[in-house]
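Counting starts at 1 for both ligands and their atoms, following the listed order. We count residues from 1, following the sequence as given.
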Amino acid sequence: MDDLERDLTLQNEENRYKQLFLVTETFYSLLDKDALLREIIVSLEQLYPSFSYYLLLSQDNPIQNELPIMDLEYDSENVAAINSYVSGTIQMEFSLEEKRAILYAPFKGKQGVYGVLQVIASNTLEFPKNEIEFITLFANAAGGALENAQLYQQSRRVISDLQLINETSHRLNSNLRLAETMTYMSEQIKHSFDSQEVGFFLFSHDQVIANVLPGSTPFFSTKQARIYIDFINDKILQEKDSLFIGDLHLPKIYDITRFRSIMAIPMIESENLKGFSIVMHQEPYFFSFEKFKLLQLLIHHSSLALTNSILREELEKMIITDHLTKLHSRNYLDEKIQLSMKHEEEGTFIIIDIDNFKDINDTYGHQVGDEVLIQVANLIKCNIRGNDVGARWGGEELAIYLPKVTLETGVSIAERLVEKVSQCSNPPITVSCGVSYWNKDRLDSYNYLFKRADEALYIAKSTGKNKVVSQRNSIRAS
Ligand code: GH3
Ligand code: MG
C-alpha cells in the first residue's frame with residue numbers, strides 16, 4: 001500500500017465514522033419503534049448497498065411485511081443467530097457451497113439484547129476486519145436506540161394506564177347515578193382496551209344468578225350472551241379469580257360471531273364476591289397480558305365505588321316517603337299503580353303541577369317555595385282517602401293515584417283540589433292537573449297511563465292554567 005492509498009483508506013474510514021455518528025444521532029432522535037426500524041434499514045441500504053441483511057427481533061413486532069424484519073426463532077437452523085443473541089457477541093457463518101459469509105451482530109442496549117442484525121455478503125468467504133468492527137458499532141447504536149424507544153413507549157403506556165385509573169376513580173367517586181357511572185366505565189373500557197363487548201354483572205343475594213347491570217353493551221341482554229355469562233359465572237364462583245382466555249371454544253355456540261378472547265374480573269368488596277365484569281373480542285389472543293393486568297387494577301379500584309352506588313340506589317328504592325312533603329316517594333307510587341293495574345278493575349291517575357312556581361322561588365326565595373310545596377302536599381293529604389296514594393312525582397310535580405275510582409270521580413277530586421289550593425295557599429298560588437284513567441276493558445300500560453296524564457297537564461298549562469284537563473276520550477291501545 002503506498003502513501004496515497006493509505007491516505008485514501010484513512011479518509012474513507014473517517015467518512016464512514018462520520019456517517020456512523022450521524023446515523024446514531026438520527027436513531028436516538030426516533031422514539032417510535034416502527035420509524036426507528038425503518039431508519040435502521042434505510043441506513044444499512046446506504047452503507048452497504050451490496051450486502052443483504054435482516055433484522056431478527058426478539059419481541060413481537062407488528063411490522064410492515066415489506067421490510068426485511070423477522071422474528072428471532074429459537075430453532076436448530078438458527079444456531080449462530082441465537083448464539084449471538086444469547087451471548088451478546090458477534091458470530092459468523094461461512095458457506096462454501098453457497099459461497100457466502102454471514103455475520104450476526106447483536107442489538108445490544110444497556111438492559112438487554114433486543115435482537116440480532118444478520119448481514120449476508122455473497123461471493124466471499126470472509127468479512128474484512130474493519131467491516132466487522134463497523135457493523136458491531138452500528139448494531140450497538142441501533143440496540144441502544146431500540147431500548148430507548150421501547151422504554152419510552154413503555155413509560156407512555158404506564159402514564160396512560162395511570163391516567164385511566166385516576167380518571168375513572170375520580171368519576172366513580174363523584175356521586176353519579178349508577179346507570180351513568182356504569183356507562184362511563186363501559187365507554188372507558190371499550191376505548192382503552194379496544195374491546196367489542198363490555199358487561200357488568202351483579203350476583204343475586206344467594207350468589208346464583210348474575211344480573212346484567214346498566215352500562216353493559218346490548219349484546220349482554222341477548223340470548224346468545226347467556227352461554228358466555230353462565231360459563232364465566234360458574235368459573236368465577238368456583239375459582240374466585242380473574243379469567244384470561246385467549247381462544248375460547250364453548251361447545252354450545254354455533255353462531256358465526258363467536259367471542260374467543262375473554263377477560264373476566266370478579267368484583268370483590270369486603271372479601272365478598274359481589275359480581276364480575278366481562279370484556280370480549282371476536283379475534284383470538286386479542287388482549288395482551290398487560291391489558292389484562294390493567295383491567296384487573298381498574299376493576300379492583302372501582303369495586304368499592306360501584307358497590308356503594310348500587311347500595312345507595314337500593315336504599316333509595318326502599319325509602320317510601322319523600323322527606324320534604326311527607327308524601328309517598330315516586331318508587332312507591334310506581335309500584336302501587338303497577339300492582340293495581342294487575343289486580344284491580346279500574347283506576348285514576350292525577351298529575352299536579354304548581355303554576356309559575358319559578359316566580360314564587362324568584363320572588364320569595366327557595367325556602368318559601370318549599371313551604372308552598374308542603375302546603376299543596378297537605379291539601380292533597382286532606383283530600384284523599386286511606387287507599388289512595390299521594391306522592392311526590394318529581395321536583396315540583398305531585399301526583400295522586402286513586403285505585404278503583406272512575407274518571408268522573410277522579411276529575412271532581414282534582415277540581416276540588418285546584419279550588420282549595422287557589423283559596424288556601426299563602427303566598428297565593430294555583431295548580432294545574434292532568435287526569436288519566438284505565439280499566440280492564442282496554443289494553444293499557446303504566447307508561448301509557450302516565451303519558452296521557454302528562455299530555456292532559458300540558459293542555460291545562462297551555463290553555464290558561466289553574467284548571468283540570470282529563471285525557472282525550474279515545475284511549476289508544478298501546
Ligand atoms: P308552569 O306553570 O309552566 O309549571 O311554570 P313553572 O314556573 O312552575 O315551571 P318551571 O318548570 O319553569 O319551573 C319549575 C320550578 O320549580 C323550577 C325549580 O327550581 C322549582 N322547583 C323544583 N323542585 C323544587 C323544590 O323542591 N323546592 C323549590 N322551592 N322549588 C323547586
Ligand atoms: Mg310548574
| query | Residues in side-chain hydrogen bond (donor to acceptor under 3.5 Å, both in side chains) with S29, at least two apart? | reply | none
| How would you list, by chain and number, every residue that makes a side-chain hydrogen bond (donor to acceptor under 3.5 Å, both in side chains) with Y401, sequence neighbours excluded? | S340, W438
| message | Tell me whether K461 is salt-bridged to D355, with the criterion being a basic N under 4.0 Å from an acidic carboxylate O. | response | yes
| request: Indicate yes or no: does D362 engage K358 in a salt bridge with an N to O separation below 4.0 Å. | output: yes
| query | Closest N/O/S atom of E396 to the Mg ion (ligand 2), by atom name? | reply | OE1
| query | Does the shortest distance from the Mg ion (ligand 2) to an N/O/S atom of F357 fall below 2.8 Å? | reply | no
| Taking 2.8 Å as the cut-off, does an N/O/S atom of D353 lie below it from the Mg ion (ligand 2)? | yes
| Using a threshold of 4.0 angstrom between heavy atoms of the protein and any atom of ligand 1, which residues qualify? | D353, I354, D355, N356, F357, K358, N361, H366, G369, D370, L373, R392, G395, E396, K461, K465
| message | If you apply the rule side chain to side chain donor-acceptor pair (under 3.5 Å), what do you find for N356 with K465, and how did you get there? | response | CA-CA 9 Å; N356 310 318; K465 308 188 183 179; 2.7 Å; yes
| Can we call the ring centroids of F201 and F276 under 6.0 Å apart? | yes
| Quick one: salt bridge (charged side-chain N to carboxylate O under 4.0 Å, His left out) partners of D161, sequence neighbours excluded? | none
